[in-house]
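Comments concern the structure below.
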Amino acid sequence: MNFDDFRAQAHRFSDWMTDYLETVEDRPVRSQVRPGDLLKQLPETAPAHSESMDAIFSDFESLIMPGVTHWQHPSFFAYFNANSSPPSVLAEMLTATLGAQCMLWETTPAANELETRMMEWLRDMSGLPETFVGTIQDSGSASNLCALIAGRERATKRQAAHGGLSGARPLIVYASAEAHSSVEKAARICGIGSDNVRKMTPGPDYALQPAELEAVIKADRAAGLEPACVVACLGATGLGSVDPIRAIGEICQRENVFFHIDGAWAGAAMILPEERHWMDGIELADSYVFNPHKWLFTNFDCSAFYMRHPAELVDALAISPAYLESPDGEQMPEYRDWSVALARRFRALKLWFVIRSYGADGLRAMVRKHIDMAKWLEAEIAATPGFEIMAPRRFALTIFRYNPGGLEDAALDDLNNRLVRAINDSGRLYVTKTTANGRIVLRMVTGQIYTEPRHVEAGWKAIQEIAAGLD
Ligand code: PLP
């Protein structure tokens, strides 16, 4: 493809992108294809000869698009949103065009310095402690892994990275049973092992119970184990629960245990002063993550990871072969040593575009609107016979189930499982389910950038219609 063709196609693609976003609402939210549908249509071998962009693009529309679930659809209420936004997409186009690999300061100085400044902007916009310094990771999972690595290093007096864990006392990680599965995965990866993750039974609001946490830490220590890290949830994935940050932080200080907070989704809401009471005590944390790629309108991937003492992580990860020597960058943080991958994308650019384009107040208005829509939904559900709220609303996440009456728990679970399937098969909206106290419940997140109150109203109406049609 020569540059004239590239220019023509780029114009055509940008028109397609705009048309797509303008009309995405007319598409079924969740892809309606069946497993194997695409594979059957794809050639088994790669083409030997060049194909025209017209042919490739035509196949993109006819083969690929039916297999796409539309995460930017205003009736996407499932999981946690992976929000994009027009300024973020524009920045991503530039990032892809530059194709810069930003592993060292010198391989793209602007990426390094913009990342430093963006992490400061996000920290200050969210009211985080000034003692936090951060870097952009590719995922919340990677951020949780880095936290556990730092916790492991502290517990082993910085021995584990070099000497391994054999011979060391078993390290223990503590988290609510509501914590994200990536915490357990991180324990597996960093050698702690998932059997050494204590999944604490949460209390009435699905939040970790500090008194129980302290008792278990003490008992483990008395039994010769090494408490290494506590992970608190700020908006857990299933039910959105928030653990009592200050009480947990004080326990971690008394017990000298590394304290990490996972706010992957709800951390974005900390840009709202009225929501910051949830993170009271955050200055006691050693590390903290939130993902702008979830709820700060910055397309995947962009996970903001903060630490109070980055040296604990950096000492564990830094290796400097001659081919990576870069004397000019020595006075700057070399973020390759702050994360697993060496190669780094220019992620700060899209954050810069998003924050400048909307402004902190604009972003606040968007997040606040999402939370207001959830408040409306929660009130509607609570007031509708045959439906019940199953956990307190947290931020923009509402938890409920259909309960027309007269059914035992198992039958209710079956009914709600069928309801979720019927809703998503309808293509009208997309929701997911989880369990609350062992019972199947529906999760509805009103946090998509293009969602307006009318979409939430229509979605709620659709749920009631579909529920009434179940046998
Ligand atoms: N932590 C929480 C609370 C999450 O909800 C998620 C994902 O939804 C993660 C961590 C993992 O984040 P990522 O998908 O970026 O790896």
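Model, not experiment: these values are computed from the prediction. Remember, it's 1-based here, ligands and their atoms both numbered in the order they're listed.
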Next item on the list: Verify whether one side chain among Glu25 and His455 offers a donor that lies under 3.5 Å from an acceptor in the other.
Entry: yes

Check: Listed by chain and number, what are the salt bridge (charged side-chain N to carboxylate O under 4.0 Å, His left out) partners of Lys185, not counting sequence neighbours?
Finding: none

Item checked: Glu312 and Arg152 ion-paired at < 4.0 Å -> no

Notebook entry, point to check: Listed by chain and number, what are the ring-ring contact (aromatic ring centres under 6.0 Å, His included) partners of His70, not counting sequence neighbours?
Noted result: Tyr20

Check: Can you pull the salt bridge (Lys or Arg N to Asp or Glu O under 4.0 Å) pairs that have at least one residue in residues 258-279, sequence neighbours excluded?
Finding: Glu274-Arg368

Check: Where does the angle between the aromatic ring planes of Trp265 and Phe80 fall among parallel (under 30°), tilted (30 to 60°) and perpendicular (over 60°)?
Finding: parallel

Margin query: If the criterion is any heavy atom closer than 4.0 Å to an atom of ligand 1, which residues make the list?
Written below: Phe80, Ser139, Gly140, Ser141, Asn144, His180, Ser182, Gly235, Thr237, Asp262, Ala264, Asn291, His293, Lys294

